[in-house]
Colleague: 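Take this structure first; my questions come after.
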Amino acid sequence: MPEILRTAEADSRTDELSRMTPAQFRAALLHHLRVTVGKSPTAASRADWRVAVSRTIRDAAAEPWLDSARRARQEDRKRVYYLSMEFLPGRLLEDTAINLGLRDAAEEALAGLGQSFDRIADDEADPALGNGGLGRLAACYLESMATLACPAFGYGLRYERGLFRQAFDSGRQVEHPESWLDAGDPWSFTRAETAYEVRFGGHVADGDAPIWHPDARIAAAAHDTPVVGYGGHWANTLRLWAALPDAALFDLGRFNAGDFTGAADPETWARTLTRVLYPTDETDAGKYLRLSQEYFLTSASVQDVVARFLRSHRNLRRLPEHVAIQMNDTHPAIAGPELIRILTDDHGFEQDAAADLATKVLGYTNHTLLPEALERWPVDLMRALLPRHLQIIERLDRRQVEVHGDRAAGLGLIEHDHVKMGDLAFATSHRVNGVSALHTDLVRQNLFPAREALSPGRIVNVTNGITPRRWLKLANRPLAALVTDTIGSGWETDLDRLAELEDHASDPAFLDAFGETKLRAKQRLAAWLSDEHGIDVPLHALFDVQVKRIHEYKRQLMNILWTIARWQSIKADPGAGWVPRVKVFGGKAAPSYAAAKDIIRLINDVAAVVNADPATADALRVVFPSNYNVSMAEHLIPAADLSEQISTAGMEASGTGNMKFALNGALTIGTLDGANVEIRERVGTDNFFLFGLTADEVAARRAQPEHARRSIEGSETLRGVLQAIADGVFSPDEPGRYGGLVDQLWNHDWFLVASDFDAYDAAQGAVDAAYLDPHRWQRMAALNTARIGYFSSDRAIREYMSEIWDVTPAL
Ligand code: 26Q
């Protein structure tokens with residue numbers, strides 16, 4: 001290990017050791033192994049050790065956790081409640097250990113017992129309770145709220161099965177059930193006493209006051225996991241609701257009458273509610289179960305918020321002084337009507353007064369622009385499942401029109417017999433925010449122009465952020481150590497301090513050390529790829545990475561087409577001094593998204609042909625490890641030289657992977673989309689490989705007839721690529737396999753792959769040129785790290801606290 005890294009690791013250790021010595025950790029660990037797991041050290045398996053270590057760390061979390069709760073209560077602090085259908089927290093063992101300052105004590109204690117910390121941490125399941133960016137953002141935000149001592153709860157669902165496990169069968173994605181709970185959940189506390197009844201269906205009797213007579217009731221039971229902030233000074237709660245199989249739901253009458261399976265129907269339906277996460281990140285409109293899940297989360301959470309408030313207050317009119325509820329997209333947008341329902345039906349408010357109160361409490365974050373991706377629920381479905389809520393929505397709708405006039409102005413909440421959840425969320429929130437500057441502008445202009453005109457100032461921007469604890473300190477120990485060694489500690493909670501690295505950006509010794517950290521990350525990745533996926537990669541190559549959900553708008557297709565072009569160029573001119581590249585892909589497609597699945601198959605087919613070609617083996621590899629998740633991201637992102645952020649401009653709301661890569665010293669090749677725009681401004685236009693049409697140009701180009709055909713005809717390179725695919729070069733057993741895909745590109749190309757292809761190719765040429773000069777590259781990479789501090793989720797959460805929640809830190 002270079003000296004510069006060794007000293008930094010030693011330093012950070014002394015200050016982390018203060019909370020518990022290795023000897024104390026060892027004693028606590030051995031205790032848990034005996035009394036919690038019931039094993040002796042000699043008999044304990046890896047999983048046994050993991051459970052004992054997790055419980056030891058959870059014990060250490062209990063103190064700040066209970067203290068934080070007591071303090072928030074005693075000081076009567078305003079609380080934030082973050083409602084999200086998805087959370088992707090990643091593995092908790094190392095993260096919690098780092099935040100409590102226990103990581104090194106744990107490692108040393110384990111080493112003394114002949115155990116490896118890394119091996120044990122690696123045994124933990126990665127809770128995949130989300131699809132992608134929105135769920136991971138929720139997890140970064142919870143961690144930042146804890147770090148900033150912002151009193152908060154995260155509310156979500158405890159899906160029995162998270163996002164499917166992806167495997168490849170002859171290149172095709174196949175989905176396997178995921179069961180994170182099989183390995184046990186040593187982190188959560190089951191709260192049998194915290195359960196609420198969530199009601200569904202039935203009818204509303206309209207007398208003096210409407211009375212809802214539901215025809216089904218399902219209990220929601222809380223499972224609480226502590227979320228410890230960095231430094232261990234504050235901890236919040238992630239509260240996940242599970243549908244409780246209630247004994248009362250079992251129909252003994254039916255059973256006794258001989259209908260043995262039918263007797264269990266209500267119970268089966270109840271369990272189905274939190275059985276599985278919807279594996280799509282687009283609306284799955286009209287699905288009864290999805291709306292039921294959304295209401296189940298929302299109702300249990302809002303009931304809990306009100307119950308917690310009433311424990312120490314009487315007057316619900318004061319709710320906005322004590323409570324802020326944030327809706328993570330429209331998935332919990334029934335929160336407005338639910339809160340109004342509770343205030344009117346249970347507490348005697350008039351609906352209009354209740355709606356005013358609800359609006360002061362609620363905030364709505366929008367994560368998508370595409371009108372077709374916005375949630376709309378059929379009125380008939382709403383009536384069947386939530387008749388009282390539909391009544392409330394209809395009244396809100398009428399009142400909107402009364403107050404603001406014309407329904408034609410685009411202010412209706414119900415249109416074509418569907419409830420527009422974005423409009424409902426807007427109408428019941430005091431703030432609506434987009435997730436990057438560009439996205440927020442487009443939300444104002446394209447999504448809610450009429451509402452923006454009537455409520456100027458309601459729409460605000462909060463550009464997304466990521467937690468530097470997981471995405472630098474945990475995921476990239478060599479770089480974190482170099483940073484600490486160069487500028488001292490403290491950057492973990494003040495990421496702007498990375499700017500101090502700029503003073504060293506021209507120092508060859510620093511740049512060498514920076515390059516050395518990248519090499520170490522590549523070595524770690526290479527070992528992991530080899531062990532877990534049987535994939536070998538050359539370490540001296542440029543690692544070019546695109547990891548994210550597979551979507552046409554994210555344009556993994558453009559990336560693989562370019563990869564084919566590169567392969568053809570190398571074959572045509574093998575001696576041209578090609579910069580060796582490893583092209584890395586990772587990501588899942590929604591099971592029903594055929595076009596995305598075709599792209600996955602094409603990438604795998606291309607990988608098979610390219611990787612088997614000895615003529616290009618030194619200069620090009622294509623790898624696609626299956627089952628991309630948070631843990632895989634922690635391996636891939638630190639090792640990347642190049643970050644692919646190449647969506648069609650105007651379509652990616654923000655992106656957050658783009659921030660993680662830049663933080664870890666990867667350069668971005670990207671379009672002017674989402675947060676790329678702000679990243680480029682901050683890291684410097686010279687340190688970002690820009691290409692492609694702007695959002696405005698995209699709209700104009702789409703209007704041009706035959707745009708795709710003309711672009712392809714103008715690009716010899718692209719024509720050669722499409723020809724090879726159409727000829728079956730990558731599917732020799734079935735030459736026509738990609739006929740439809742190629743045909744779409746020639747004749748339709750909604751995502752403008754053809755329009756942007758040559759510009760992308762040119763930008764890739766600039767990447768090669770820069771990489772040929774290692775010090776130039778390292779300098780550009782180091783400047784990315786130095787200038788990315790703004791994208792800390794701590795900054796984002798501070799903005800939410802002041803601009804949306806009106807909450808101050810408790811410490
Ligand atoms: C809705 C209805 C029914 C079934 C599923 C859904 C659903 C589920 C998940 C719709 C959307 C999602 C997830 C969206 C998402 O992850 N959006 C991403 O959010 C990130 C955080 O703001 C942004 O960085 C990304 O740009 C955005 O794509």
Side-chain angles (χ1 to χ4, degrees), residues 82-88 128-141 156-157 159 162-163 276-295 297-298 326-334 364-370 372-378 381 418-422 425 433-440 442-443 461-466 547-555 587-588 590-593 630 645-661 670-671 673-679 791 793 796 800:
Y82 196 90
L83 269 60
S84 180
M85 285 289 281
E86 309 199 355
F87 285 94
L88 281 173
L129 308 183
N131 276 285
L134 168 148
R136 180 55 232 176
L137 186 77
C140 281
Y141 282 1
L157 291 182
Y159 303 105
L163 189 61
V276 60
L277 165 78
Y278 268 77
T280 169
D281 55 1
E282 272 172 4
T283 62
D284 213 332
K287 294 289 194 310
Y288 184 79
L289 178 61
R290 171 74 184 188
L291 182 57
S292 306
Q293 287 185 330
E294 293 182 354
Y295 181 61
L297 160 71
T298 305
Q326 191 66 25
M327 300 184 280
N328 201 19
D329 215 291
T330 53
H331 315 156
I334 199 71
Y364 155 46
T365 305
N366 173 284
H367 299 264
T368 185
L369 280 169
L370 308 176
E372 67 269 26
L374 290 175
E375 284 191 292
R376 290 157 182 265
W377 290 105
L381 179 62
H418 284 70
V419 180
K420 299 192 290 175
M421 301 307 274
N433 76 285
V435 290
S436 72
L438 172 66
H439 170 68
T440 300
L442 295 171
V443 167
N461 176 245
V462 183
T463 298
N464 283 168
I466 57 166
V547 286
K548 48 184 79 244
R549 282 301 282 251
I550 311 291
H551 252 288
E552 290 169 282
Y553 83 79
K554 294 176 190 280
R555 297 199 294 195
K588 297 177 184 179
S592 61
Y593 190 173
V630 174
Q645 307 300 336
I646 59 178
S647 50
T648 314
M651 302 197 78
E652 188 71 88
S654 162
T656 46
N658 45 6
M659 302 164 188
K660 295 165 197 166
F661 280 102
T671 48
D673 201 15
N676 293 354
V677 177
E678 292 154 84
I679 291 174
F791 299 94
S793 45
Y800 277 95

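Both counts, for ligands and for their atoms, begin at 1 and track the order of listing.
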Colleague: Taking atom types as modelled and ignoring hydrogens, do the side chains of Y159 and Q293 form a donor-acceptor contact shorter than 3.5 angstrom?
Modeller: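 The criterion, which ignores hydrogens and geometry beyond distance, is not satisfied for Q293 and Y159.
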Colleague: Under 3.5 Å between some N or O of ligand 1 and some N or O of D281?
Modeller: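 N/O-N/O distance under 3.5 Å: no.
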Colleague: Does an N or O anywhere in S654 fall below 3.5 Å from an N or O of ligand 1?
Modeller: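 Between S654 and ligand 1 (N or O atoms, distance only) the closest approach is under 3.5 Å.
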Colleague: Of the options T368, L369, L370, which is the one that meets M651 in a side chain to side chain contact (heavy atoms under 4.5 Å, CB included)?
Modeller: L370
Colleague: Would you say the side-chain atoms of T365 and N328 include a donor-acceptor pair closer than 3.5 Å?
Modeller: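 Judged by distance alone, the side chains do not pair up.
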Colleague: Does H439 use its side chain to pair, donor to acceptor, with the backbone of N366 at less than 3.5 Å?
Modeller: yes
Colleague: Using a heavy-atom cut-off of under 4.0 Å, does the side chain or the backbone of K287 touch ligand 1, or both, or neither?
Modeller: neither
Colleague: Between the side chains of S647 and D673, is a donor N or O closer than 3.5 angstrom to an acceptor N or O?
Modeller: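 Their side chains do contain a donor-acceptor pair, which is all the 3.5 Å distance test asks for.
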Colleague: Before signing off on this row, confirm whether L134 and ligand 1 have an N or O atom pair separated by under 3.5 Å.
Modeller: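 Yes; the residue has a nitrogen or oxygen that sits under 3.5 Å from a nitrogen or oxygen of the ligand.
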Colleague: Please list, in number order, the atoms of ligand 1 under 4.0 Å from a heavy atom of A653.
Modeller: 26 (O)
Colleague: Quick test of your reading of the structure: of H367, R290, M85, whose heavy atom lies closest to atom 17 (N) of ligand 1?
Modeller: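 Among H367, R290, M85, the closest heavy atom to atom 17 (N) of ligand 1 comes from H367.
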Colleague: Give the numbers and elements of all ligand 1 atoms closer than 4.0 Å to a heavy atom of Y553.
Modeller: 28 (O)
